[in-house]
J.: 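Quick one: the structure is below, and I'll ask about it shortly.
Note that the coordinates shown come from a computational prediction; the quantities given were computed from them, not determined experimentally.
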Amino acid sequence: DDSVLRALRRFKRRETMRIAYGDIVRGQSLRTITAQISYLADALLEGALRAAGRALGRQRGTPLRPDGKPARFTILGMGKLGGLELNYSSDIDLIFLYDEDGRTDGRRSIANSEFFDALACEITRLMTEATDLGVAWRVDLRLRPEGARGKVCPSMAQALGYYDLRGRTWERQAFIKARPVAGSYAFGQELLNHLAPWVYRRYLSRADISGIKALKRRIERQSQRSGLNTRDVKIGRGGIRDIEFVIQFLQLLNGADLPELRTGNTLDAIVQLERVGCLSDLERSLLEGNYRFLRRIEHLLQIMFDLQTHTLPSRREELRKLALRMGYRDNGHSLALQQFETDFAERTDLNRRILDHLLNDAFRDDARTEAESDLVLDPDPGEQRIGEVLCRYAFRDVKQAHRNLMALSEERSSFLSTRRCRHFLAAIAPQLLQAIAATPDPDSTLVNLDNVSASLGGKGVLWELFSFNEPSLQLYVR
């Protein structure tokens, strides 16, 4: 037991030194460094699993399924581990799972559920127990079904049942980054394939969007209470979490029929979202550059202080050291620290403005208008739902009105993004329908709007303009 603890920690120290050499001396990219740290965590988890599995198997035998085959076990990496984005001092978020109930075949036979609970607990102990060599890694299991109240290692059936009946929007968001990191990779991927239709539903409802926004507000209140809202690189205003939220929102919104968006790596997701038209070229460029900038700061803070910290130093001298490590230099016009502070303020402000534009301002929290936005986002709402929503707006032919409304969500030019067009039409749908209903002939107005909008060469640009300038919407409809 002691030899396993020491072997895991020595391996981590040796590999961390190798990674740090590539980072500090060779100047390897942040993406390369964080991926290597993540793969190191994978290897340590696999080592802990094999050591714990052998010891438990000698006592209890092999866990078997009802068909007589060995039961499978997987460890899902969530968060930064799942996205191959770990820093030197990051925790690792894990979910343990096994496939089927049954019993072990040893002389002291126990139920599979008991075996895998014990296995998960032993893996966690091997990773987290403090020794003279420190810990192998800090482990967080709170993302599992039921959170801290749930079983340490649920079965596949239990997990799928929980997510189907009680899974919340934030859990769907978390599973964007899920990745099998140890144990049976085939089983882990099988489980994620089962969950994919739940994570990436055919459309993202206004209730889902409100759930995402509510979680973001809770995180921001936590940052404000700590008094670090402008200094917290991760959860402060315009920080890393702002970028991740807008990217994950767009992945959930569009990932059902675009599998290429289903990636746990934020930088990869930004690139793919621009390729399919969900982000503009400017938004992609800004978010990509700002994300690298903030992750580099986070990375350097953890190297400087050897702590899991995301907070800029309060002491000016420490902050200046950070600025110098980021590559800023004193010159005849300004000091390195001033340049860094200006850059940080401008970049975080831009991040928040993009988040507000695509999420907060576009979809305001008003339960009375959820139905109209959902009607645009839902690819197949059904005749009854169409009638329930559009009957409020004085259309003579509700079915045709729905077809005409959906025509407004589609660009006729192949080089324009229908997804971005639909995104912002959903955002303005309540106000647009109210303005149309106020005209003498709503049916004709809706047809004319489509014809005029298409002739201008880009409907999405109009809806985007109207999303933050309602008077222009009213003028356009009249």
J.: Taking the six-membered ring for Trp, are Y163 and W198 parallel (under 30°), tilted (30 to 60°) or perpendicular (over 60°)?
T.: tilted
J.: Start with the C-alpha gap between H299 and N87, add the side-chain angles, then the distance that decides, and say whether side-chain hydrogen bond (donor to acceptor under 3.5 Å, both in side chains) holds.
T.: CA-CA 6 Å; H299 192 65; N87 293 117; 3.3 Å; yes
J.: Tell me yes or no: between the side chains of D343 and Q339, is some donor less than 3.5 Å from an acceptor?
T.: no
J.: For D450 and N404, what are the C-alpha separation, side-chain angles and deciding distance, and is it a side-chain hydrogen bond (donor to acceptor under 3.5 Å, both in side chains)?
T.: CA-CA 7 Å; D450 182 40; N404 293 335; over 6 Å; no
J.: Is a side-chain donor or acceptor of D349 paired with a backbone partner of A345 at a separation under 3.5 angstrom?
T.: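 No: the side chain of D349 does not pair with the backbone of A345.
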J.: With side chain to side chain contact (heavy atoms under 4.5 Å, CB included) as the test, pick out the partner of L81 among L45, D91, D93.
T.: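 Testing L81 for a side chain to side chain contact (heavy atoms under 4.5 Å, CB included) against L45, D91, D93 leaves exactly one candidate, L45.
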J.: What I'd like to find out is whether the side chain of H357 reaches to under 4.5 Å of the side chain of F424, using heavy atoms alone.
T.: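 They are in contact (side-chain heavy atoms under 4.5 Å apart), so the answer is yes.
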J.: Hey, are Y98 and T74 close enough side-chain-wise for a donor-acceptor pair under 3.5 Å?
T.: no
J.: Which atom pairs, one a donor and one an acceptor, fall under 3.5 Å between side chains of residues 275-282 and the rest of the protein, sequence neighbours left out?
T.:
| from | atom 1 | to | atom 2 | distance (Å) |
| --- | --- | --- | --- | --- |
| S280 | OG | E283 | N | 3.1 |
| S280 | OG | E283 | OE1 | 3.4 |
| D281 | OD1 | R284 | NH2 | 3.0 |

J.: Test salt bridge (charged side-chain N to carboxylate O under 4.0 Å, His left out) on R72 and E190; report intermediate values, then the result.
T.: CA-CA 11 Å; R72 296 174 297 171; E190 181 184 322; 3.2 Å; yes
J.: In terms of side-chain geometry, is the basic nitrogen of E383 or K399 positioned less than 4.0 Å from the acidic oxygen of its partner?
T.: yes
J.: Just how far is it from atom OG1 of T263 to atom CG of D268, taken to the nearest 0.5 Å?
T.: 4.5 Å
J.: Does F96 have R144 sitting over its ring (NZ/CZ under 6.0 Å from centre, angle to axis within 45°)?
T.: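 No, a cation-pi geometry is absent between R144 and F96.
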J.: Ring centroid separation for F73 and F116, is it under 6.0 angstrom?
T.: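 Between F73 and F116, the centre distance is under 6.0 Å.
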J.: As a quick check of understanding, evaluate side-chain hydrogen bond (donor to acceptor under 3.5 Å, both in side chains) for Q251 and Y200, giving each step before the final call.
T.: CA-CA 8 Å; Q251 287 178 281; Y200 300 100; 4.7 Å; no
J.: Grab the two heavy atoms, one from L473 and one from Q431, that are nearest each other, plus how far apart they are.
T.: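 Reported closest heavy-atom pair: CD2-O, 4.0 Å.
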J.: Using only heavy-atom distances, determine whether the side chains of N290 and N351 contain a donor-acceptor pair under 3.5 Å.
T.: yes
J.: Which atom names give the shortest non-hydrogen contact between T266 and E85, and what distance separates them?
T.: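 Shortest heavy-atom contact: N-OE2, 2.8 Å.
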J.: Go through the side-chain N and O atoms of E341 and Y328 and say whether any donor and acceptor fall under 3.5 Å apart.
T.: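 On atom types as modelled, these side chains do not qualify, holding no pair under 3.5 Å.
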J.: After noting the C-alpha distance and the side-chain angles of E260 and Q272, does the key distance pass the side-chain hydrogen bond (donor to acceptor under 3.5 Å, both in side chains) rule?
T.: CA-CA 7 Å; E260 60 266 41; Q272 291 297 334; over 6 Å; no
J.: Verify the neighbour count for atom CZ of R142: are there more than 12 heavy atoms of other residues, nucleotides or ligands below 6.0 Å?
T.: no
J.: With a 4.0 Å cut-off, would you call E411 and R420 a salt bridge?
T.: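 No, E411 and R420 are not salt-bridged.
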